[in-house]
**Q** 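Structure provided below as structure tokens; questions to follow.
Because the structure is predicted, anything quoted here is derived from the model rather than measured.
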Amino acid sequence: QVQLVESGGGLVQAGGSLRLSCAVSGRPFSSYAMGWFRQAPGKEREFVAAISRSGGSTYTADSVKGRFTISRDNAKNTVYLQMNSLKSEDTAVYYCAAGNSYARIKENYGMDYWGKGTLVTVSS
């Protein structure tokens, strides 16, 4: 069984930064492509970013491009989401997910495992 645990959320002012972490356990971390997603109150889940198994390929949604960066450390079994220049519309619960296909995660499907999420609140 694969477990994903997000951390790093919190309250931040608009324009500020946060770094989310997602620690993965249970199976070899490097065998999974990873993604970050978010869900704001009253809205559907939204794809944010994806990263390939090696970390050599990344993809971010247009809504966060240039502000958010996904990365991973396979030695630490952890994937990160660096969020800069935060806006009030970035307020959401952020989830990490693991899957077998980077291409599928980019298209917002094919996620096999999910974390429970971490809340990010951006005050204006």
**Q** Is it true that V12 and V93 fall in one hydrophobic cluster, defined by side-chain heavy atoms closer than 4.5 Å?
**A** no

**Q** Considering non-hydrogen atoms only, spot the tightest contact between S17 and S85 and give its length.
**A** OG-N, 4.3 Å

**Q** Is there a side-chain contact between V120 and D90 (heavy atoms, below 4.5 Å)?
**A** no

**Q** Over all heavy atoms of both residues, which pair between A14 and S124 is shortest? Give the atoms and the distance, please.
**A** CB-CA, 4.2 Å

**Q** Taking the six-membered ring of F29 as reference, does the cationic atom of R72 (NZ for Lys, CZ for Arg) lie under 6.0 Å from its centre and within 45° of its axis?
**A** yes

**Q** Any chain of hydrophobic side-chain contacts (each under 4.5 Å) joining L81 to L86?
**A** yes

**Q** For the atom pair OG (S57) and NZ (K106), what is the distance rounded to the nearest 0.5 Å?
**A** 8.0 Å

**Q** For residues V2 and V5: do they belong to one hydrophobic cluster (side chain heavy atoms under 4.5 Å, members Ile, Leu, Val, Met, Phe, Trp, Tyr)?
**A** no

**Q** Heavy atoms, side chains only, cut-off 4.5 Å: are F68 and N84 in contact?
**A** no

**Q** Identify, with sequence neighbours excluded, every residue that meets side-chain contact (heavy atoms from CB on, under 4.5 Å) alongside A33.
**A** Y102, I105

**Q** Is there side-chain contact between Y94 and E6, with heavy atoms separated by less than 4.5 Å?
**A** no

**Q** If I take atom CD from residue Q3 and atom CG from residue N77, how far apart are they, to the nearest 0.5 angstrom?
**A** 12.5 Å

**Q** Could you go through Y80 and D73, starting from their C-alpha distance and side-chain angles, then the distance that decides it, and tell me whether this counts as side-chain contact (heavy atoms from CB on, under 4.5 Å)?
**A** CA-CA 8 Å; Y80 305 98; D73 186 336; 4.0 Å; yes

**Q** Would you mind reporting whether S30 and R53 have side-chain heavy atoms less than 4.5 Å apart?
**A** no

**Q** Who are the side-chain contact (heavy atoms from CB on, under 4.5 Å) partners of S54, not counting sequence neighbours?
**A** S52

**Q** Is there a side-chain contact between S63 and R38, using heavy atoms and a 4.5 Å cut-off?
**A** yes

**Q** Decide yes or no for M83 and L20: does some side-chain heavy atom of the first lie under 4.5 Å from some side-chain heavy atom of the second?
**A** yes

**Q** Is there a side-chain contact between Y113 and V24 in this structure, where contact means two heavy atoms from C-beta onward sitting under 4.5 Å apart?
**A** no

**Q** Let me confirm one number: the CG-NZ distance from L4 to K116, rounded to the nearest 0.5 Å.
**A** 11.5 Å

**Q** Indicate the atoms forming the closest heavy-atom contact of S71 with V79, along with that distance.
**A** O-CG2, 3.1 Å

**Q** Between W114 and F37, does the ring centre distance come in under 6.0 Å?
**A** yes

**Q** What residues, two or more places apart in sequence or in another chain, satisfy side-chain hydrogen bond (donor to acceptor under 3.5 Å, both in side chains) together with S31?
**A** none

**Q** State, to 0.1 Å, how close A40 and T91 come at their nearest heavy-atom pair, and which atoms those are.
**A** CB-O, 3.6 Å

**Q** In terms of heavy-atom contacts, does CZ of R67 have more than 12 from other residues, nucleotides or ligands at under 6.0 Å?
**A** yes

**Q** Using the side-chain contact (heavy atoms from CB on, under 4.5 Å) definition, which of the options I70, V64, T60, I51 pairs with W36?
**A** I70

